[in-house]
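I have placed the structure first, in the form of structure tokens, so that the comments after it can refer back to it.
Since the structure is predicted, the reported quantities are computational estimates derived from the model, not experimental observations. Atoms considered below: every heavy atom in the structure, side chains included; atoms not considered: hydrogens, waters and symmetry mates. First the proteins, then the strands, lettered A, B, ... as listed; each starts at 1.
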Amino acid sequence: MPEGHTIHRLAKDYTSAFADGTPVHVTSPQGTFAAAAALLTHTPLHTADAHGKHLFLNFADSDAWIHIHLGLFGKVTFGPAPAPPPTDTVRLRLANDTAYVDLRGPTTCALITAPEKQAIHDRLGPDPLRPDADPHRAYARISRSRTTIAALLMDQKVVAGVGNVYRAEVLFRRNIDPYRPGKGITPAEWDAIWTDLVELMREGVRTNRIDTVRPEHTPEAMGRPPRVDDHGGEVYVYRRTHQPCHICGGEIRTADLAARNLFWCPTCQTQ
DNA sequence: AATGCATGCGCAG
DNA sequence: TGCGCCTGCATTA
């Protein structure tokens, strides 16, 4: 689930469901966050903010923030009131008269101060989904680095919010060999990657899934049988190992890169 | 029932 | 580079 688009979407969804000025019932059935929940409960949610894969919730009359990071398998479930009895893995539940939302399995769910929140912003790279993002900051690091562009795109200090799916897909869309060192990436190439990330991730926020296949390459447009990728979006290479490339028909390859699975088409990605 | 795997990340060495 | 951590689901036995 969680790449940056998911988190920005969650910020919107938390806001629209709970930041209406009415008090929110905050609980932590699983227990770990119970003390903090008790401090915040019965106050209204004020704002939600997202930077990369980090989500922040702020409650009225409090300068503290709930800092949430979903990690690899954190999940958030929204539903209408009345909320069902929580299962014992629910780390954080918000509930009001109309809705509830449950958080399970996050790497992080902690109450932090405003300076601590700022420190997180400071250590994250520009986020293609934030209006204040400066892509040149990312390029300054990339253009100095001998690390592969595939690894750099996953480094949250370089770019915030890109995960394994967007990494693989944007490199495919730009025909870029994932193993090229960052310092070989030209300003024009980085500009194209960044522009593509902005477009793809905005679309991801809107649809709440990752679709990267251009209209002219859909199975219908290519005269191929319809296809459903098993993670809920239409993609070119992510988890399509040994399947035919939508464009050249060659086999999609996979390899370990920095403890993650990399997917790419060696025929198309030669730039 | 047990195992493996995942769109993540921080830490030790 | 490898390990642990958070959870749920699919696959294997």
Side-chain angles (χ1 to χ4, degrees), chain A residues 1-11 28-34 36 50-56 66-77 79 84 86-93 101-110 112 116 119-125 127-129 147-148 150-173 178 196-197 200-213 228-242 252 254-264:
Chain A
M1 279 275 190
E3 295 194 23
H5 70 301
T6 302
I7 311 309
H8 282 259
R9 174 58 179 258
L10 286 173
S28 177
Q30 183 257 10
T32 322
F33 195 65
H51 186 157
K53 299 164 189 171
H54 298 256
L55 176 66
F56 305 94
I66 300 181
H67 173 215
I68 294 169
H69 193 293
L70 295 181
L72 194 48
F73 17 74
K75 283 202 172 38
V76 174
T77 318
T87 58
D88 57 9
T89 57
V90 174
R91 184 77 59 85
L92 174 68
R93 168 173 282 185
V101 59
D102 283 346
L103 167 70
R104 284 165 227 267
T107 286
T108 303
C109 175
I112 61 171
E116 285 168 334
I120 294 167
H121 290 296
D122 291 346
R123 71 173 156 79
L124 289 173
D127 176 346
L129 289 171
T147 306
T148 62
L152 288 165
L153 282 173
M154 294 280 280
D155 183 342
Q156 302 297 299
K157 298 187 293 301
V158 177
V159 192
V162 174
N164 208 12
V165 184
Y166 283 124
R167 175 266 288 269
E169 295 298 310
V170 79
L171 289 174
F172 179 88
R173 285 169 55 104
D196 218 18
L197 284 172
L200 289 174
M201 293 175 77
R202 280 187 187 160
E203 177 74 358
V205 174
R206 200 175 65 74
T207 61
N208 217 2
R209 46 183 264 175
I210 300 181
D211 294 294
T212 61
V213 178
V228 179
D229 290 316
D230 63 1
H231 47 86
E234 294 263 328
V235 293
Y236 285 106
V237 292
Y238 174 70
R239 280 213 251 169
R240 296 196 63 249
T241 315
H242 301 317
I252 302 303
T254 189
D256 259 22
L257 187 88
R260 304 299 299 275
N261 294 317
L262 172 68
F263 304 89
W264 83 108

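For the ring pair (Phe, Tyr, Trp, His ring centres under 6.0 Å) test, no residue two or more places apart in sequence or in another chain qualifies with A/Phe33.
Residue A/Arg9 is out of contact with every strand shown, counting any heavy-atom pair closer than 4.0 Å.
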Which dot-bracket string fits DNA chain C when only Watson-Crick or G-U wobble pairs with both atom distances under 3.5 Å count, crossing pairs get [ ], and | stands for a partner on a different strand?
|||||.||||||.

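Which of B/dC9, B/dG10, B/dT7 sits closest to the side chain of A/Lys53 comes down to B/dC9.
Straight-line distance from the OH atom of A/Tyr238 to the C1' atom of B/dC5: 10 Å, rounded to whole Å. Rounded to a whole Å, the CD1 atom of A/Ile120 is 13 Å from the C1' atom of B/dC9. When rounded to the nearest whole Å, the span between CD1 of A/Ile210 and C1' of B/dG8 equals 13 Å. At whole-Å resolution of the value, CG in A/Asp155 and P in B/dG8 are 13 Å apart.
Taking every heavy atom of residues 163-172 of chain A and every atom of DNA chain B, pairs under 4.0 Å involve A/Gly163, A/Asn164, A/Val165, by number.
Rounded to whole Å, the P atom of C/dC5 lies 15 Å from the corresponding atom of B/dG13. A gap of 22 Å separates the C1' atoms of B/dA1 and C/dC6, to the nearest Å. Taking the P atom of each, B/dC5 and C/dG2 are spaced 15 Å apart, rounded to whole Å.
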Heavy-atom protein contacts under 4.0 Å, nucleotides 2-9 of chain C, coded B base, S sugar-phosphate only, - none:
----BBS-

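For A/Tyr166 and A/His5, the ring centers sit closer than 6.0 Å to each other.
Summarising the geometry of A/Leu257 relative to A/Ala150, their closest heavy-atom pair is CD2-CB, 3.4 Å, with the distance given to 0.1 Å.
The phosphate of B/dC9 (OP1 or OP2) has a side-chain N or O of A/His69 nearer than 4.0 angstrom. Of the side-chain N and O atoms in A/Arg260, one or more sit less than 4.0 angstrom from OP1 or OP2 of B/dT7.
The residue from A/Trp264, A/Phe263, A/Tyr236 that alone fulfils the ring-ring contact (aromatic ring centres under 6.0 Å, His included) condition with A/Phe172 is A/Tyr236.
Between A/Pro178 and A/Thr148, the closest side-chain pair of non-hydrogen atoms is not below 4.5 Å.
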Report the C-alpha separation of A/His69 and A/Phe56 in whole Å, then their side-chain angles, then the decisive distance to 0.1 Å, and conclude whether the ring pair (Phe, Tyr, Trp, His ring centres under 6.0 Å) test is met.
CA-CA 9 Å; A/His69 193 293; A/Phe56 305 94; 9.9 Å; no

Quick test: give all pairs of protein nitrogen or oxygen and nucleotides 11-13 of chain B nitrogen or oxygen below 3.5 Å, distance rounded to 0.1 Å.
none

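Sorted by first and then second residue, the salt bridge (charged side-chain N to carboxylate O under 4.0 Å, His left out) pairs involving residues 150-166 of chain A (not counting sequence neighbours) are A/Asp155-A/Lys157.
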